[in-house]
Amino acid sequence: IGPNGAGKSTLFKMITGQDKPDSGSVVIGPTVKIAYVDQSRDCLDGSKTVFEELAGGADILTIGKYEMPSRAYIGRFNFKGGDQQKLVGNLSGGQRSRASLAAALVGRPELLVLDEPTVGLDPVTRRTLWDLFHTLADQGTTLLVSSHVMDEATRCDRLLLLRDGEILADETPAELLDRTGTADAESAFLALIDAAETTPGEAL
């Protein structure tokens, strides 16, 4: 989590092998299946309908431990009725975000990397997706989620706070609030920024 330009997307591109780090290394097991959804949401075929893109002609989709009819699965992302027959290229920004997330999950990844997945989504859809993220985590999927929306920090098990490519904190939300003596993630983040500016190199 961190403000725009903190280095979140760059970090995720290194984790997914799109960029090489200037120093250090990223190590992920060679057999781990990874799915990545970036901010552009351009991974879908705009000439296909939502149903065609996500169902792939299959009547049953297996997601985690569950099997469900493909239409029911698509419906979990708030694609109802006629929306499922819309061309992906004609979707709104929020609809395209939901479709990209749904497509990433079809392959049942063990590591799901999501770069600001809730940007542009309405509050109801955001809540639905976070409920789904926790369900996936409970089933054994590891999720890496970036955001500059501070209230989403408390939905995560562990936080990595970035600013200008530097790590300000790496801990649980409860540990962060306790250490900074603040009531919410935004106040904690600002407290760490103030501390880093006052005593460079000692924010941790």
To the nearest 0.5 Å, what is the distance between [atom1] on [X] and [atom2] on [Y]?
X      : Y      : atom1 : atom2 : result
Arg179 : Leu192 : CZ    : CG    : 5.0 Å
Leu177 : Asp184 : CG    : CG    : 7.5 Å
Arg98  : Ser92  : CZ    : OG    : 6.5 Å
Leu132 : Leu136 : CG    : CG    : 4.5 Å
Arg127 : Asp122 : CZ    : CG    : 10.0 Å
Thr141 : Phe133 : OG1   : CZ    : 11.5 Å

Closest non-hydrogen atom pair, Cys156 against Pro173
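Of all heavy-atom pairs spanning Cys156 and Pro173, the closest is O-CG, 3.3 Å.
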Of the non-hydrogen atoms in Val37 and Ala104, which two are nearest, and what is the gap between them?
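What the structure gives for the nearest pair is CG2-CB, 3.5 Å.
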Say whether, by atom type as modelled, one donor and one acceptor occur between the side chain of [X] and the main chain of [Y] under 3.5 angstrom.
X      : Y      : answer
Gln84  : Phe79  : yes
Lys8   : Leu162 : no
Thr172 : Asp157 : no

Are any non-hydrogen side-chain atoms of [X] and [Y] less than 4.5 angstrom apart?
X      : Y      : value
Asp170 : Arg158 : yes
Phe12  : Leu114 : no
Ser70  : Leu54  : no
Val145 : Pro117 : yes
Tyr73  : Leu105 : yes
Phe189 : Thr180 : no
Val88  : Arg96  : yes
Leu160 : Leu11  : yes

Is Gln85 atom CD crowded by more than 12 heavy atoms from other residues, nucleotides or ligands, each under 6.0 Å away?
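Enclosed: over 12 neighbouring heavy atoms sit under 6.0 Å from CD of Gln85.
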Using a strict threshold of under 4.0 Å (side-chain N to carboxylate O), is an ion pair present between Lys86 and Asp83?
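The answer is yes: the pair qualifies as a salt bridge.
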Using the rule that two of Ile, Leu, Val, Met, Phe, Trp, Tyr join whenever any of their side-chain heavy atoms come within less than 4.5 Å, decide whether Ile74 and Leu87 are in one cluster.
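No, because Ile74 and Leu87 fall into different hydrophobic clusters, even though each may have its own neighbours under 4.5 Å.
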Angle between ring planes, His134 versus Trp130, binned at 30° and 60°: parallel, tilted or perpendicular?
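Tilted.
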Set of residues satisfying salt bridge (Lys or Arg N to Asp or Glu O under 4.0 Å) with respect to Arg126, sequence neighbours excluded
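For Arg126, the residues satisfying salt bridge (Lys or Arg N to Asp or Glu O under 4.0 Å) (neighbours in sequence not counted) are Asp151, Glu152.
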Under 3.5 Å donor-acceptor pairs involving side-chain atoms of residues 18-34, not counting sequence neighbours:
unit_1: Gln18; atom_1: NE2; unit_2: Thr16; atom_2: OG1; d: 2.9
unit_1: Lys33; atom_1: NZ; unit_2: Gly107; atom_2: O; d: 3.2

